[in-house]
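Step one of this worksheet: look at the structure below.
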Amino acid sequence: DEEKQKVYMGRKTKKIGGGKFTGPGGKVDTNDKGQFLESLTDCAIREVWEEVEVLIMPRQPEKVAIITFKNLGLEAALLVEVHFFLARKWIGEPQNSPEMIGGEWFSVSDLIERPHETAEMMAADYIFLPLILSGKKKIVGHCVYAPGGQNEVVKWTYDEVESFPD
């Protein structure tokens with residue numbers, strides 16, 4: 001059913017991805033010693049609620065990718081490991097928030113077949129989003145961005161995996 005084959009993305013208002021369409025996301029809450037106060041799945045559920053006011057059921061998010069991003073051009077190259085989840089069931093309708101505005105529902109088939117024409121995203125999203133939305137692959141990837149932000153990918157590698165390490 002075409003109506004069910006859609007992905008919600010909004011425009012980030014600040015930080016990485018500012019002004020581009022992307023999914024909700026953020027950092028795991030930690031204590032003052034840097035210890036995690038929540039699981040990665042709980043973090044994904046919380047970030048979706050904070051950024052678009054949609055409630056994802058606890059066992060619903062499916063991890064589909066782990067990608068390490070390196071941003072060149074900073075004094076110390078920024079290295080970030082991002083875990084990507086998909087949820088197929090939720091409660092509520094997405095809303096704007098201070099962190100994400102102008103959300104739209106995008107056709108999965110368009111994001112797979114014509115991502116550049118479908119949504120204005122960060123450069124790496126055009127590469128990995130079709131892979132994970134195809135439903136055939138779980139991926140572990142490494143992406144290097146050129147200096148100046150997330151507009152140009154200078155290196156991209158990935159492996160398909162059956163499952164992710166704990």
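Excluded from the calculations below are hydrogen atoms, water molecules and symmetry mates; all remaining heavy atoms, backbone and side chain alike, are included.
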Does some side-chain heavy atom of [Y] sit less than 4.5 Å from a side-chain heavy atom of [X]?
{"X": "Lys155", "Y": "Val153", "value": "no"}
{"X": "Met100", "Y": "Thr22", "value": "yes"}
{"X": "Thr68", "Y": "Glu81", "value": "yes"}
{"X": "His142", "Y": "Ile67", "value": "no"}
{"X": "Met9", "Y": "Phe106", "value": "yes"}
{"X": "Met121", "Y": "Leu111", "value": "yes"}
{"X": "Ile132", "Y": "Ile139", "value": "yes"}
{"X": "Leu72", "Y": "Lys70", "value": "yes"}

Indicate yes or no: does [X] engage [Y] in a salt bridge with an N to O separation below 4.0 Å.
{"X": "Lys20", "Y": "Asp125", "value": "no"}
{"X": "Arg46", "Y": "Glu38", "value": "yes"}
{"X": "Lys27", "Y": "Glu47", "value": "no"}

### Query
Going through the checks in order, is the ring pair (Phe, Tyr, Trp, His ring centres under 6.0 Å) test met by Phe84 and Phe128?
CA-CA 10 Å; Phe84 292 85; Phe128 74 80; 4.7 Å; yes

Spatial distance of atom [atom1] ([X]) from atom [atom2] ([Y]) [nearest 0.5 Å]:
{"X": "Gln5", "Y": "Leu133", "atom1": "CD", "atom2": "CG", "result": "9.5 Å"}
{"X": "Ile127", "Y": "Tyr158", "atom1": "CD1", "atom2": "OH", "result": "10.5 Å"}
{"X": "Leu37", "Y": "Cys43", "atom1": "CG", "atom2": "SG", "result": "11.0 Å"}
{"X": "Lys6", "Y": "Glu104", "atom1": "NZ", "atom2": "CD", "result": "10.0 Å"}

### Task
Kindly say whether Gly19 contributes a backbone atom to a donor-acceptor pair with the side chain of Arg11 at under 3.5 angstrom?
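Present.
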
### Query
So, Asp110 side chain and Arg114 main chain: donor-acceptor pair closer than 3.5 Å or not?
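No; zero donor-acceptor contacts below 3.5 Å.
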
#### Entry: Pair Ser107-Ser109, side-chain hydrogen bond (donor to acceptor under 3.5 Å, both in side chains): steps then yes or no
CA-CA 5 Å; Ser107 159; Ser109 61; 2.9 Å; yes

### Task
Kindly determine whether His83 and Lys63 satisfy side-chain hydrogen bond (donor to acceptor under 3.5 Å, both in side chains), including the steps that lead there.
CA-CA 7 Å; His83 295 246; Lys63 188 183 296 191; 3.0 Å; yes

